[in-house]
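Report on the structure given below.
Ligands are counted one by one from 1 in listed order, and the atoms in each one are counted from 1 as well.
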Amino acid sequence: MSDVPADLPIYADVERAAERLHGVAHRTPVLTSRTANERTGATLFFKCENLQRAGAFKFRGAYNAVAALDDEQRARGVLSFSSGNHAQALALACMLMRTRVAIVMPKDAPAAKVEATRGYGGEIVFYDRYTQDRETIARDLAEQDGMALIPPFDHRDVIAGQGTAARELLEDVGTLDVLVTPLGGGGLLSGTTLAARRLAPYCRLVGVEPEAGDDARQSLRKGEIVTIAPPRSIADGAITTHLGTLPFAILRAAEVEVVTASDAQLVAATRFFAERMKLVVEPTGCLGLAAVLNGAVDVRGKRVGVMLSGGNVDVAALAKYLG
Ligand SMILES: *Cc1c(COP(=O)(O)O)cnc(C)c1O
């Protein structure tokens, strides 16, 4: 590609992030399930980022990005926009580093996510997802207060931090034939790609986005970033309207595949995790398993990594899925 972004992260950035996160982020467990293996005919390895601090992999990227700021920038505070998990992660990272943090959040963000962000000391600025542009609001605020903008996925240090989850998974289980990862703006999948291309060069990389919004699949087919209307799906961590510029460049160069899963399939996967593995996984975190179970990814006879990206779900919503 001729227009490669200048701040594209590389594998060395993932290693640097792993050093920063050592002793701060949890090294989350990798679990297996005989039942899941029997159902799919594969050997599945679940990387449990639902058990990460603040309940999702997002803590990795957020902490790495705040840690990478110089002291002067950190003293002025940081700012972001998010559908929830990035907000909580950034608020926790800032609490640990004694840094001021403000978050621009949709009015209809899940109550548990809003409360958790406040609980970590984050200031919240609400906006309307269907009529206002969160990125514009956040940029204006960043300019007014001189705070550093740390977006949820289109950022070198965020991507590098997210890549540490796949790095741990590959260190723990050895090489994989396929690695299946939830996909929103592409921070997790592009970080995963950096780690996997180095540690498991022949591994097939598959991103899974909600069926209601397959903008990433369209973008990779078309060779340019496609923006869609805000999709409606229970996978609230992946209802982004477009890929980030940096993730797109990484995914495109690595020939990453993208498939989708429906809300009904996400509910089935949520139930599977609760019933069979005693795990609370939020719908977005179930995208990987849903795509493996629905046949969108051919896994028979393969060693397959599945990212469980997060576990932040309102208990009332969870009860509905399980009922
Ligand atoms: C943010 C998020 C995703 C999507 O990650 P991107 O980096 O935006 O692709 C997936 N699962 C969970 C639980 C998330 O919070």
Counting only heavy atoms, which portion of [X] has something under 4.0 Å from ligand 1: side chain, backbone, both, or neither?
X: Ala238; value: neither
X: Glu49; value: neither
X: Glu282; value: side chain

Contact (N/O only, under 3.5 Å) between Ser309 and ligand 1: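 Among all N and O atoms of Ser309, at least one is under 3.5 Å from an N or O of ligand 1.
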Any N/O of Phe153 closer than 3.5 Å to an N/O of ligand 1?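 No, there is no polar N/O contact under 3.5 Å.
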Results of side chain to side chain donor-acceptor pair (under 3.5 Å) for Tyr11 - residues two or more places apart only: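 Tyr11 satisfies side chain to side chain donor-acceptor pair (under 3.5 Å) with Arg167 only.
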Could you check whether any heavy atom of Leu183 sits closer than 4.0 Å to an atom of ligand 1, since that is the contact criterion I want to use?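 Heavy atoms of Leu183 do come under 4.0 Å of ligand 1.
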Atoms in ligand 1 with a heavy atom of [X] nearer than 4.0 Å:
X: Gly310; answer: 13 (C)
X: Phe57; answer: 1 (C), 2 (C), 3 (C), 5 (O), 10 (C), 11 (N), 12 (C), 14 (C)
X: Thr284; answer: 10 (C), 11 (N), 12 (C)

In terms of heavy-atom contacts, does [atom1] of [X] have more than 12 from other residues, nucleotides or ligands at under 6.0 Å?
X: Arg16; atom1: CZ; answer: no
X: Tyr130; atom1: OH; answer: yes
X: Arg198; atom1: CZ; answer: no

Show your reasoning for whether ring-ring contact (aromatic ring centres under 6.0 Å, His included) applies to Tyr127 and Phe81. CA-CA 10 Å; Tyr127 78 103; Phe81 49 84; 8.5 Å; no
